[in-house]
**Q** 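Before we start, here is the structure in question, set down as structure tokens.
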Amino acid sequence: MTNLPAQITVVMAVRNAAATLRDAVDSILQQTLAPAELILVLNGCTDESQSIADDLAKGNKRIRLEKTDSTGGVAAAARLGCALAESPLLARMDADDLSHPERLAWQYAALQESEADLVTCRVEALDSQGAGLDRFIDWANSLAEPEDFRRERFVESPVIQPGVLMSREAYQRAGGYRVEDGPEDYDLWLRMLADGACFVQAPGARLQWRDSATRLTRSHDDYSEQRMTATKARYLARLDKVRNNGVAIAGSGPIGRRLAGLLLAEGVQVHGFYDVAPKKIGKTALGLPIWAAGDLSAKINSPVLLGCVGRGGRARVRSLAARAGYREGDDFFACC
């Protein structure tokens, strides 16, 4: 490893990762830009992860071992690791993924050039379990500039967590990881963006992201569609224009109705829905009117427009919104 002036702490939460931990750690130790420290937080492991971590730490002063029980899950482990970090920059890594040897070097260079607060990298799937993950990765890889992350932040989580390098100051200013029901990473990114943080991508940096049937985002309730949508609703409800003007939702199907219900619970006024299906127009959903999508230009009550249509419809809603005079990121957001 090359000793360069960057001071980076890599935080890796470990939960029963005996089969992959050694390779994941080696991919960090082999970085051309050496991290100042690698903190492994053993999160209630019941397999051989502890003994493997002990072996890896022998004779390597840069590896620190910490423990948590499994109660707070990965959020508590990540929060502890970041709290113990001694470097001004924090990198995340999962115990079953692989970082390209120049990942941190590329990310550090991008951070220095852009003065960003958080730098992502391009992600490749390892053992992908389905087309849904591949589509998500393609979308996340398409986000490169600060305006991309701000525009797309309510579509999905715009950052793939194990590929992050971020300023510890910006992380702490946003309050760090929180241990609560829901996706701890998406919650953090939305708070950082709301706080004015700047996100960019380092296109030369690479991470191999392992998929499996037991991956947390597939198997844990915190990452369910319901919890993800609840997180979106919580932060949409904090936007001044949403609070002041309420919202109208493009799409009266299950996605739109779910978000509308959550926003109503947050105290947001939902004026109604727009739809393209003739059989729906003039009817109601959740007791609210459904208007024709062609009426978007009327901007009834000047609400913020939220696009909530299924896969393939996002571009159409964006086109309709633009023709109606909505400005994405101001009074229009795509939400799926």
**Q** Flag the pair R62 and E86 as a salt bridge only when some basic side-chain nitrogen lies within less than 4.0 angstrom of an acidic carboxylate oxygen.
**A**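 E86 and R62: not salt-bridged.
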**Q** Below 4.5 Å, heavy atoms only, C-beta onward: do R153 and Y235 meet side chain to side chain?
**A**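 They are not in side-chain contact.
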**Q** What pair of heavy atoms forms the shortest contact from T32 to A105, and how long is it?
**A**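 Minimum heavy-atom contact is OG1-CB, 3.6 Å.
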**Q** Are the side chain of D94 and the backbone N or O of M12 linked by a donor-acceptor pair below 3.5 Å?
**A**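 Pair absent, no side-chain N/O of D94 close to backbone of M12.
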**Q** Using modelled atom types and a 3.5 Å cut-off, is there a donor and acceptor pairing between side-chain atoms of T20 and backbone atoms of A95?
**A** yes
**Q** Would L165 and L118 satisfy side-chain contact (heavy atoms from CB on, under 4.5 Å), going step by step from the backbone distance to the final call?
**A** CA-CA 6 Å; L165 176 68; L118 182 148; over 6 Å; no
**Q** Which residue, R227, R234, R79, forms the salt bridge (charged side-chain N to carboxylate O under 4.0 Å, His left out) with E180?
**A**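 So the option named by the test is R234.
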**Q** Taking all non-hydrogen atoms of both residues, which atom of G176 and which atom of R191 are closest, and how far apart?
**A** O-NH2, 2.7 Å
**Q** Would you call R22 and D55 a salt bridge, using N to O less than 4.0 angstrom?
**A** yes
**Q** Thinking salt bridges, do K58 and D54 make one under a 4.0 Å N-O criterion?
**A**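 No.
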**Q** Identify whether the distance between the nearest side-chain nitrogen and carboxylate oxygen of D275 and K280 falls below 4.0 Å.
**A** yes
**Q** Indicate if V304 and I255 have the same hydrophobic cluster label, given that clusters are the connected sets of ILVMFWY residues with side-chain heavy-atom separations under 4.5 angstrom.
**A**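 No; tracing contacts between hydrophobic side chains, which count when under 4.5 Å, never links both residues.
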**Q** Using distance alone, with no hydrogens and no angle criterion, decide if D117 and Y171 have a side-chain donor and acceptor under 3.5 Å apart.
**A** no
**Q** Within a strict 4.5 Å, meaning less than it, do heavy atoms of the P88 and Q7 side chains meet?
**A** yes
**Q** Would the distance check show the side chain of R150 and the main-chain N or O of E147 forming a donor-acceptor pair, the cut-off being under 3.5 Å?
**A**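 Pair absent, no side-chain N/O of R150 close to backbone of E147.
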**Q** Between S87 (side chain) and L89 (backbone), is there a donor-acceptor pair under 3.5 Å?
**A**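 Side chain of S87 to backbone of L89: no pair is present.
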**Q** D185 versus I160: any side-chain heavy-atom pair under 4.5 Å?
**A** no
**Q** Kindly work out whether a path of hydrophobic side-chain contacts (I/L/V/M/F/W/Y, heavy atoms less than 4.5 Å apart) joins I8 to M93.
**A** yes
**Q** I'd like to know if the side chain of S142 reaches the main chain of W139, judged simply by a donor and an acceptor atom lying under 3.5 Å from each other, with no hydrogens or angles considered.
**A**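 Looks like yes, one N/O pair under 3.5 Å.
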**Q** Could you walk me through whether M166 and F199 pass side-chain contact (heavy atoms from CB on, under 4.5 Å), step by step?
**A** CA-CA 9 Å; M166 58 185 163; F199 292 8; over 6 Å; no
**Q** Check whether any side-chain heavy atom of V268 lies under 4.5 Å from a side-chain heavy atom of L264, and answer yes or no.
**A**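 They are not in side-chain contact.
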**Q** With a 4.0 Å cut-off, would you call D187 and R178 a salt bridge?
**A**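 Result for this pair is yes, salt bridge flagged.
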**Q** Testing the 3.5 Å rule here: is there a donor-acceptor pair between the side chains of N16 and S49?
**A**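 On atom types as modelled, these side chains do not qualify, holding no pair under 3.5 Å.
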**Q** Considering all heavy atoms of both residues, which atom of A260 and which atom of I249 are nearest to each other, and what is their separation?
**A**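 For A260 versus I249, the nearest heavy atoms are CB-CD1, 3.5 Å.
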**Q** To the nearest 0.5 Å, what is the distance between CG on L133 and CG on D211?
**A**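 Here the rounded value is 4.5 Å.
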**Q** Just how far is it from atom CG of D97 to atom CD of E124, taken to the nearest 0.5 Å?
**A**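 Spacing of CG (D97) from CD (E124) equals 11.5 Å.
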**Q** Hey, can you tell me if F333 and F154 have their rings parallel, tilted or perpendicular (30° and 60° cut-offs)?
**A** perpendicular
**Q** I need the Q201 CD to S114 OG distance, nearest 0.5 Å.
**A**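 So the gap between those two atoms works out to 11.5 Å.
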**Q** Any link between L90 and L84 through a network of hydrophobic side chains (Ile, Leu, Val, Met, Phe, Trp, Tyr) touching at under 4.5 Å?
**A** no
**Q** Can you tell whether the side chains of D148 and R151 come within less than 4.0 Å, N to carboxylate O?
**A**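 The answer is yes: the pair qualifies as a salt bridge.
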**Q** Would you call E184 and R92 a salt bridge, taking side-chain N to carboxylate O under 4.0 Å as the test?
**A** no
**Q** Identify whether L288 and V276 are in the same connected component of the hydrophobic contact network (ILVMFWY, side-chain heavy atoms under 4.5 Å).
**A**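 No; tracing contacts between hydrophobic side chains, which count when under 4.5 Å, never links both residues.
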**Q** Taking only residues two or more places apart in sequence, or in another chain, which ones meet D240 in a salt bridge (charged side-chain N to carboxylate O under 4.0 Å, His left out)?
**A**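 For D240, no residue satisfies salt bridge (charged side-chain N to carboxylate O under 4.0 Å, His left out) once neighbours in sequence are set aside.
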**Q** Verify whether one side chain among S51 and E48 offers a donor that lies under 3.5 Å from an acceptor in the other.
**A** yes
**Q** Mark yes when over 12 heavy atoms from residues, nucleotides or ligands other than Q112 sit less than 6.0 Å from its CD; otherwise mark no.
**A**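 For Q112, atom CD is crowded (more than 12 foreign heavy atoms under 6.0 Å).
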**Q** Do side-chain atoms of K283 reach the backbone of K279 as a donor and acceptor pair under 3.5 angstrom?
**A** yes
**Q** List the steps, then state whether side-chain contact (heavy atoms from CB on, under 4.5 Å) holds for T120 with F149.
**A** CA-CA 11 Å; T120 67; F149 292 94; 3.8 Å; yes
**Q** Test question: given the 4.5 Å side-chain rule for I, L, V, M, F, W and Y, name all other residues clustered with L262, or answer none.
**A**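 Under the 4.5 Å side-chain rule, L262 groups with nothing.
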**Q** Please round to the nearest 0.5 Å and tell me the distance separating atom CD of Q208 and atom CG of D23.
**A**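 Q208 atom CD to D23 atom CG measures 10.5 Å (nearest 0.5 Å).
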**Q** How close do T231 and P183 get, heavy atom to heavy atom, and via which atoms?
**A** OG1-CD, 3.4 Å
**Q** Can you confirm whether V159 sits close enough to V164 that some side-chain heavy atom of one is under 4.5 Å from a side-chain heavy atom of the other?
**A** yes
**Q** Of the non-hydrogen atoms in L263 and A237, which two are nearest, and what is the gap between them?
**A**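 Where L263 meets A237 most closely, the heavy atoms are CD2-N, 4.4 Å.
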**Q** Keeping Q107 on the side-chain end and G204 on the backbone end, is there a donor-acceptor pair under 3.5 Å?
**A** no
**Q** So V14 and V41, side-chain contact (heavy atoms from CB on, under 4.5 Å) or not? Walk me through it.
**A** CA-CA 6 Å; V14 181; V41 184; over 6 Å; no
**Q** Tell me, do W106 and R206 make a side-chain contact under 4.5 Å, heavy atoms counted?
**A** no
**Q** When you compare the side chain of L207 with that of P162, does any pair of heavy atoms fall below 4.5 Å?
**A** yes
**Q** Please check: side-chain N/O of R103 versus main-chain N/O of A205, any donor-acceptor pairing under 3.5 Å?
**A** no
**Q** Between R210 and D96, does at least one N-O distance fall below 4.0 Å, as a salt bridge requires?
**A** no
**Q** Of L104, I39, V25, which is the lone residue that meets side chain to side chain contact (heavy atoms under 4.5 Å, CB included) with V10?
**A** L104
**Q** Taking atom types as modelled, find out whether W189 and Q161 have a side-chain donor-acceptor pair closer than 3.5 angstrom.
**A**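 No donor-acceptor contact under 3.5 Å links the two side chains.
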**Q** Let me confirm one number: the OG1-CG distance from T9 to L38, rounded to the nearest 0.5 Å.
**A** 9.0 Å
**Q** Shortest non-hydrogen contact from D47 to A17?
**A**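 In this case the closest contact between D47 and A17 is OD2-N, 3.2 Å.
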**Q** Does any non-hydrogen side-chain atom of R15 lie less than 4.5 Å from one of V74?
**A** no
**Q** Looking at R238 and E266, is there a salt bridge between them, counting it only when a charged N and a carboxylate O are closer than 4.0 Å?
**A** no
**Q** Report yes or no: do V11 and L40 belong to one cluster of Ile/Leu/Val/Met/Phe/Trp/Tyr joined by side chain heavy-atom distances under 4.5 Å?
**A** no
**Q** Test E37 against K61 for salt bridge (Lys or Arg N to Asp or Glu O under 4.0 Å), laying out the working first.
**A** CA-CA 8 Å; E37 58 180 349; K61 295 181 179 179; over 6 Å; no
**Q** At what distance, to the nearest 0.5 angstrom, does SG of C198 lie from CD of E145?
**A** 9.0 Å
